[in-house]
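Reminder, nothing fancy here: chain letters follow the sequence lines and each chain counts from 1. What you see below is based on every heavy atom in this structure, not just the backbone, and it leaves out hydrogens, waters and symmetry mates.
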Number of protein chains: 2
Amino acid sequence: MSKTRKVKLSDIAKEAEVSIALVSYVLNNRHPDRIKKETAARIKKIAKKLNYRPNPLAKGLRTQKSNAIGLILADLANPFSAQIARIIEDNVIGSDYILLIGSMDENMDKFRKLVDTFVNHSVDGLIIVSPENAIKEIKAIQKQGIPHVLIDRYFPELPFNFVGNDNFFSTRSCVEQLVGNGRKSIGFITHDTDYFHFHERKRGFVTACHEFGMNTENKVMEVALSDLNTNVDRAMATLLAKNPDMDAILFSTSVLTLYGLKYAVRNQLNVPERIEFMGFDKAEYYDIFPSPIPYYEQPLEEIGKRAVDFLMLEIAKPGAQTVREIVKGSLKVAKPLIEKS
Amino acid sequence: MSKTRKVKLSDIAKEAEVSIALVSYVLNNRHPDRIKKETAARIKKIAKKLNYRPNPLAKGLRTQKSNAIGLILADLANPFSAQIARIIEDNVIGSDYILLIGSMDENMDKFRKLVDTFVNHSVDGLIIVSPENAIKEIKAIQKQGIPHVLIDRYFPELPFNFVGNDNFFSTRSCVEQLVGNGRKSIGFITHDTDYFHFHERKRGFVTACHEFGMNTENKVMEVALSDLNTNVDRAMATLLAKNPDMDAILFSTSVLTLYGLKYAVRNQLNVPERIEFMGFDKAEYYDIFPSPIPYYEQPLEEIGKRAVDFLMLEIAKPGAQTVREIVKGSLKVAKPLIEKS
DNA sequence: ATAGTTTATTTAAACGTTTAAACAAAATTT
DNA sequence: AAATTTTGTTTAAACGTTTAAATAAACTAT
């Protein structure tokens, strides 16, 4: 019922008949050579017996560290965000840190508020999926010397720490794959935003098409981030109307792929015989679709791990390094449906 | 570059030429009647000018509160977990709390470690999706007087705070719906676990079937929590083999539904003409399937909101109340695919 | 014997708040 | 004019740690 009073250093000190400082030294392994073995052993034993847990608030207050890291996502409810969050969680927990998570909903005010709250709670570092046009805000974080790393989205012209997917490579290799499958006229459905990673995906697509001697006139549809059902529907219709010979469509995110698949089902497109679909990001639901959907898989595990690793390094020795890792994912082409892990 | 020193009470005090205590009183609105209006105004103005942010660690250390709440989920990467997390996030952030999130992966050790870490970081409260057989652990939390509330899963025989879906009602009304659609022989695919909520779902199914004069012999398949692809496949095959006349299948989670749909696609089941599928929980991917999938939708928004509301109340005045809210969701029957929000 | 080292431990300040209690000055009551 | 109350503010301890500096005791070395 009543909150059991927590064991603190002074309790151990009393029982061991030593000073608080000595207990602290022992438990933090501070001056191992200076401290008598037996005393150390005794203190450790008592600490264990009493099930001592350091108070992170006191510790944090004193050391100016909180052993917490903040993760700012686009939207936790979005499977992509959730997946990356989970990966980061695993990496962070291992280092005995706790993870604060917040969604900014592509909204600058929410983003600012999250940064503010997290910094205020003295997070030791931030992992950030940035909203559009957040350059000023990220710079401020940088200036304040708060260890941080951007993931997924970044600003190429600025020296921010970043680890993320090679977006140019990704769409480029999708096109390559489709061409390899004999496709001759490929459409691309992506978003209409200022995000650099979307620009890159488009650039990858267009560049590859040109390389393979295909034109991209009327083949790139950029839809708004909102109201996807309607917008993707319209985009698909336009794409198909303007390109009667189109024999493949590449999507720029898994959600766009989802809506594309919905369209295909609804309109009974002959996939993949007449027209092949290619998705972006892994998604469980691809194989509800009657035919296998090949896709490009971002190396999320790697991104999460590297981001956390870097952040930990940066926390340990601030300012010592910067990072810009553009990692490549891989193409997942249809396996027999039966054989899925 | 260098960390900008944070503004603290003493900075304000100095500039306002008053004591630290007075600043604290003013900023916390402590003795409003006791403090001279002008002084208060001056202090507030300076605080705003200096952009003062209280240090949560110091505050927490002194007041024994952290303004953080911990959320323990099954697995953040699972869309169901992610959705509920997002809802809770929104409700928590509004109250100026921060949210710590962890996944326990149905694993007792991880669960214990999470509770431990969170409690250690002095969370003011816990929202818990419990693993199997965690009664002892929850009791310990209760005994320690840590405000908490279970969601999704619970232990009916014990007086734990809980808010969650009415699982008996949910499957019961699914059967009702299917019978209303003229279905005469219904199968049920669920999990083989000790979780009470799964027992309830099964009980709801069985009870309803009997009410409607259907037997349930060989119609309930309970698959393990792991290796779903194989296990659901096998369960589906068995179900259909043993019940040649079966004209509907109800699933017990959205993930089971997903695998069911995969099976249907792979085996070209005639859905819904010959056999109707009914899902559990909302999932975007249902409408990739060629025919609309009706489903029972848990009232997640309500669950999240009520859980947080209760927790806040409990944090404000501990021990004053308990809660056990079993809330009902609703059936979502097929709308024309074109018209989706 | 005395000074200098080494070894083992303690003292005390600090981190940034909150808050009970003390205090001083002004206003009010006797 | 003395005593009391009210008003406005300050003092100082406390929360649970960490850590530089001080200290004390036990050994060298001279």
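In this entry the distance linking CG of B:L27 with C1' of C:dG16 reads 13 Å, nearest Å. When the C1' atom of C:dT10 is taken as reference, atom CD1 of A:I12 falls 17 Å away, rounded to whole Å. Remark: C1' of C:dT11 and CG of A:L9 are 16 Å apart, rounded to the nearest angstrom. Here the P atom of nucleotide C:dG16 and the CG atom of B:N28 are 17 Å apart, to the nearest Å. Rounded to a whole Å, the CG atom of B:L50 is 16 Å from the C1' atom of C:dG16. Residue A:R30 contributes atom CZ, which lies 19 Å from atom P of C:dA8 at whole-angstrom precision. Here D:dT17 presents its C1' atom at 14 Å from NZ of A:K65, a figure rounded to the nearest Å. If you measure from atom NE2 of A:H121 to atom P of C:dC15, you get 21 Å, rounded to the nearest angstrom.
With sequence neighbours left out, B:R324 forms a side-chain contact (heavy atoms from CB on, under 4.5 Å) with B:Y154, B:I326. In this structure, the side-chain hydrogen bond (donor to acceptor under 3.5 Å, both in side chains) partners of A:Q298, at least two apart in sequence or on a different chain, are A:D281.
Side-chain contact between A:V18 and A:T39 is present, with at least one heavy-atom pair separated by less than 4.5 Å. In this structure, the side chains of B:K6 and B:Y52 stay at 4.5 Å or more apart for every pair of heavy atoms.
Close to D:dA14, at under 4.0 Å from its OP1 or OP2, lies no side-chain N or O of B:Q64.
A salt bridge links A:D116 with B:R53: the closest approach of a Lys/Arg side-chain nitrogen to an acidic carboxylate oxygen falls below 4.0 angstrom. A salt bridge links B:K305 with B:D309: the distance from a Lys NZ or Arg NE/NH1/NH2 to an Asp or Glu carboxylate oxygen falls below 4.0 Å.
Within residues 53-61 of chain A, the residues that have a heavy atom under 4.0 Å from DNA chain C are, in order of number, A:L61.
At a threshold of 4.0 angstrom between heavy atoms, the contacts of A:S24 include nucleobase atoms, whether or not backbone atoms are also involved.
The one candidate from B:V327, B:N165, B:V163, B:I87 that meets the side-chain contact (heavy atoms from CB on, under 4.5 Å) condition with B:E302 is B:V327.
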Could you pull out the protein-nucleic contacts involving nucleotides 5-11 of chain D (nitrogen or oxygen on both sides, under 3.5 Å)?
residue: D:dG8; atom: N7; partner: B:R34; partner atom: NH1; Å: 3.3
residue: D:dT9; atom: OP1; partner: B:T39; partner atom: OG1; Å: 3.0
residue: D:dT9; atom: OP2; partner: B:K36; partner atom: N; Å: 3.3
residue: D:dT9; atom: OP2; partner: B:T39; partner atom: OG1; Å: 3.2
residue: D:dT10; atom: OP2; partner: B:S19; partner atom: N; Å: 2.8
residue: D:dT10; atom: OP2; partner: B:S19; partner atom: OG; Å: 3.1

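For residues 99-108 of chain A, the pairs satisfying side-chain hydrogen bond (donor to acceptor under 3.5 Å, both in side chains) are A:S103-B:E89, A:D105-A:K110, A:D105-B:R86, A:E106-A:R153, A:E106-A:Y195, with sequence neighbours left out.
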Atom pairs and distances, side-chain donor-acceptor, residues 127-140 of chain B, under 3.5 Å, sequence neighbours left out:
residue: B:E132; atom: OE2; partner: B:D194; partner atom: N; Å: 2.6
residue: B:E137; atom: OE2; partner: B:R112; partner atom: NE; Å: 2.9
residue: B:E137; atom: OE2; partner: B:R112; partner atom: NH2; Å: 3.2

